[in-house]
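Step one of this worksheet: look at the structure below.
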Amino acid sequence: MLEGVECWSHPLVSAQGLTKRFGGTLALDQVSFVLSPGELVGFVGPNGAGKTTTLRILAGMETAFEGGLRLSGKGFAQDRREILARISYLPQDVAFATWRTAGETLLLFGRLSGIPDAALRSQIPTVLRQVGLGGREASRVETLSRGMRQRLGLAQAMLNQPNLMILDEPFNHLDPAGRQHLKSVLAELNEQGVAILFSSHILADVEELMRRVLILKAGRLIYDGGVDALRAGHGNAGVLDIGFTGILAHARLSALNGVARLELTAPNVVRLHVAEEGDVLAVGTALLGQMIAGGHAIRFVKPVVPTLEAIVGGLTDDSVEMEGALPACLS
Ligand SMILES: Nc1ncnc2c1ncn2[C@@H]1O[C@H](COP(=O)(O)OP(=O)(O)OP(=O)(O)O)[C@@H](O)[C@H]1O
């Protein structure tokens with residue numbers, strides 16, 4: 001899908017100091033980042049953080065903003081048609097005329113994008129099949145479930161074989177099987193070289209999909225980097241789950257040196273929080289020794305790895321002060 005269109009001397013997207021006000025509301029405040037060809041990036045943050053506003057700006061839907069935006073080195077003001085031929089956009093609440101069939105809907109959107117009819121006739125069944133709507137070309141939109149309409153929206157965003165897909169909450173309205181399927185579709189498109197920037201609130205579902213994440217809070221980009229680095233920076237190095245047999249007198253154990261807190265998270269699982277200055281190996285070993293001496297058999301010991309949802313929730317919690325934005329380095 002990258003055929004003949006990518007200019008490697010420019011980033012795919014270069015956004016610099018994007019700022020957007022709606023009346024008195026500062027929706028975006030100096031948001032800067034760069035996307036490279038073929039990246040798969042998640043865009044997350046709480047309601048009202050500015051995700052949709054940013055995605056609409058990137059998709060050329062929102063033109064009144066401050067800051068600089070270049071797509072493959074080009075700007076919407078001069079090269080709008082050329083840029084739009086290479087990108088696609090799935091809005092948050094996609095709505096189609098209910099009386100058209102899925103095929104007619106895609107034909108209409110394809111024509112509006114300037115795709116020749118001959119190409120559309122072969123492309124439409126292909127994209128419908130890819131999104132799991134194979135054989136539904138003749139189905140009216142009104143007969144499609146909300147999740148199926150969401151898939152139709154994705155099919156629409158695949159029609160022009162874009163280099164960059166901008167997807168606002170593509171996992172909305174999908175059931176677990178649908179989300180799983182969408183993940184595999186996005187991963188496959190990405191393997192073919194398509195860059196994808198998508199927003200999502202369902203972090204548990206998408207954390208293995210993306211390697212890079214942009215986190216917005218109140219219009220400011222507070223994190224831009226790898227998911228692994230984010231996890232490593234916010235890991236619970238001092239938290240262990242210990243499975244055991246019997247009934248634990250954990251109040252006595254918590255008096256051990258180096259134990260910040262012990263909590264029963266399940267009938268036979270105790271979670272050990274090692275004090276900040278404590279050595280997790282030493283404290284864990286001492287605790288296990290006492291448990292064994294108390295007649296308990298140990299079933300397992302495993303470090304507690306925080307979910308992306310928990311990390312992002314902590315970073316975007318209103319009661320937590322931001323530690324300074326981490327703007328991307330613009331080339
Ligand atoms: N058309 C508009 N008119 C006025 N204010 C707007 C408009 N669109 C967005 N806003 C405001 O801009 C801010 C950012 O909104 P935006 O929709 O970009 O957030 P979001 O992160 O996508 O939120 P959500 O997760 O709820 O979709 C919010 O304060 C919102 O109220």
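If you read the sequence from its start, that first residue is 1, and numbering goes on from there.
Nearest heavy-atom pair, V227 versus E207, reported as atom, atom and distance to 0.1 Å: CG1-O, 4.4 Å.
Between the side chain of T126 and the backbone N or O of S122 there is at least one donor-acceptor pair closer than 3.5 Å. A distance-only check finds a donor-acceptor pair linking the side chain of S88 to the backbone of A157 [under 3.5 Å]. One N or O on the side chain of N190 and one on the backbone of V194 form a donor-acceptor pair closer than 3.5 Å.
Take H296 and apply the ring pair (Phe, Tyr, Trp, His ring centres under 6.0 Å) test, not counting sequence neighbours, and it matches F244. Qualifying side-chain contact (heavy atoms from CB on, under 4.5 Å) partners for R299, counting only residues two or more places apart in sequence or in other chains: T245, N268. Judged as a side chain to side chain donor-acceptor pair (under 3.5 Å), and not counting sequence neighbours, the contacts of R271 are D241.
Between E82 and R80 there is no salt bridge, since none of the side-chain N atoms of the basic residue sits less than 4.0 Å from a carboxylate O of the acidic one.
Within a 6.0 Å radius of CZ in R81, no more than 12 heavy atoms belonging to other residues, nucleotides or ligands are found.
Contacts classified as side chain to side chain donor-acceptor pair (under 3.5 Å) and involving residues 164-174 (residues at least two apart or in different chains) are given here: T52-D168, D168-S199, E169-H201. The list of salt bridge (charged side-chain N to carboxylate O under 4.0 Å, His left out) pairs with a residue in residues 101-112, not counting sequence neighbours, reads R111-D117. Within the structure, the salt bridge (charged side-chain N to carboxylate O under 4.0 Å, His left out) test picks out the following pairs touching residues 18-34 (sequence neighbours left out): K20-E62, R21-E66.
When each of T143, V131, T101 is paired with R136, the side-chain contact (heavy atoms from CB on, under 4.5 Å) condition holds for T143 and for no other.
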